[in-house]
Structure formats: C-alpha cells, structure tokens
Amino acid sequence: MENEDGKFFVKYAGAKPMDFAGEPEDAVERLKTAIPVYEQLDHPFLIKLKNHFALREGYAAVFDWAEGECLHSHWSHGGPAKYTDPTSPYYRFRNLDVTKRLKTLETIFSFHAFVEEQGFVAVDFYDGSSCRAGKLVKISMKWLVKQ
C-alpha cells in the first residue's frame, strides 16, 4: 500500500485463501498474538510495526515497507531454479562478494542475539525470513518461542 505518508506492507488475517487449510479465526488470533512480540522486539534490523487494528471480519498489521527480495522465492524460483537460475534472488545473493554476505550474516547474528536477550529463541529461521536488502522482513510466531 502506498499513500502520502509512504509505502507500507499490510498483513491481514481473516480471509480464507484457497491454499489455507486452517480457520480464519485462528489466523486472526495468531496475528493478534504476534503484535506484542513485534513491539517487544523493536530493532533496527526488523521491519517497523506502524499500526494494528481490528476490522469487521479480521485483523490487520501495518509495517514500514522494506525494499529487497525474499531469498526463498519459491513462487518464482522453485526447486533447482532457486540455486541455478541467475535471476533467482538466492543465486544472486550467493554470488555477491563474500564481504557483503558476511555483513548480512553479522546482521542476522546481531538480531538473533537481541532476540535471545529478550527471552526468545529462533526455532525456524530460514532464507525466507530475510531479504536481500539486509533487513529482516519476516518474523513468524513459529520461529520465535519464549524461553
């Protein structure tokens, strides 16, 4: 979404997508539960939660937009193409200068150290949790567990 205040990512729960086996109400509860975690984990390497609110049949969380590409873009580079196609974000990242890749790794380690200091532990962090721009753009309740 883009308006006069900037560009934003809106995560919405409450609809029933075709490929979602669960119940929309459960998705709404998971998103609501994630909000205090985002607030507690406010960090420069995590996209900023701007607002969240209930809607008639769902819940929305609004985040600052983060430029970048998901390194696990299975929707456009599934299977072996992720590793071999020069247009794949993962392939392009793997072919960056080692110094740039190490800087990204330092960013990830820094964020994980902060997460641990806050009493959480990452249990399912993977390349789909980060984007090529160096900002973590996805935080999932399934990979953050309170210690």
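- Residue Lys7 qualifies as enclosed at atom NZ: its count of foreign heavy atoms under 6.0 Å is above 12.
- The environment of Lys103 atom NZ is sparse: at most 12 non-hydrogen atoms of other residues, nucleotides or ligands sit within 6.0 angstrom.
- Cluster annotation: Ile47 is connected to Trp65 through the hydrophobic network of ILVMFWY side chains, with a link wherever side-chain heavy atoms come within less than 4.5 Å.
- The two atoms that bring Ala27 and Phe20 nearest to each other are CB-CZ, 4.2 Å, heavy atoms only.
- Both Ile35 and Val28 sit in one connected hydrophobic cluster of ILVMFWY residues. Membership requires side-chain heavy atoms under 4.5 Å apart, directly or through other members.
- Put simply, the side chain of Phe8 does not reach to within 4.5 Å of the side chain of Asn51, judged on heavy atoms.
- Under the side chain to side chain donor-acceptor pair (under 3.5 Å) criterion, Thr87 pairs with His77, Asp85, sequence neighbours left out.
- Looking only at side-chain heavy atoms (C-beta outward), Asp42 and Lys48 come within less than 4.5 Å of each other.
- Between Ala60 and Leu55, the closest heavy-atom pair is CB-CD1, 3.9 Å.
- No single ILVMFWY cluster, assembled from side-chain heavy atoms under 4.5 Å apart, contains both Leu31 and Phe53.
- Across Pro86 and Arg92, no two heavy atoms sit closer than the pair O-CG, 3.2 Å.
- Put simply, the side chain of Lys82 never gets that close to the backbone of Ser76: no donor and acceptor are under 3.5 Å apart.
- Across all their heavy atoms, Tyr38 and Leu49 have their closest contact at CB-CD2, 4.0 Å.
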Begin with the C-alpha distance, continue with both residues' side-chain angles, and end with the deciding distance and a verdict on side-chain contact (heavy atoms from CB on, under 4.5 Å) for Phe120 and Gln40.
CA-CA 10 Å; Phe120 292 89; Gln40 184 176 349; 3.5 Å; yes

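- Take Lys32 and apply the salt bridge (charged side-chain N to carboxylate O under 4.0 Å, His left out) test, not counting sequence neighbours, and it matches Glu29.
- Rounding to the nearest 0.5 Å gives a distance of 12.5 Å between NZ of Lys16 and CE of Met18.
- Considering all non-hydrogen atoms of both residues, Ala81 and Ser88 come closest at O-CB, 3.7 Å.
- In terms of heavy-atom proximity, Leu41 sits nearest to Phe111 at O-CE1, 4.3 Å.
- Here the straight-line distance linking atom CZ of Phe9 with atom NZ of Lys50 works out to 15.5 Å at 0.5 Å rounding.
- To the nearest 0.5 Å, the span separating CG on Asn95 from CZ on Arg101 amounts to 7.5 Å.
- With sequence neighbours left out, the ring pair (Phe, Tyr, Trp, His ring centres under 6.0 Å) criterion links Phe114 to His43.
- Note that OH of Tyr12 is 12.5 Å distant from OH of Tyr59, once rounded to the nearest 0.5 Å.
- Interatomic distance, NE2 of His112 versus CG of Leu105, reported as 10.5 Å (0.5 Å rounding).
- Atom CZ of Phe109 is separated from atom CG of Leu102 by 9.5 Å, given to the nearest 0.5 angstrom.
- Counting heavy atoms from C-beta on, the side chains of Phe45 and Ile108 never come closer than 4.5 Å.
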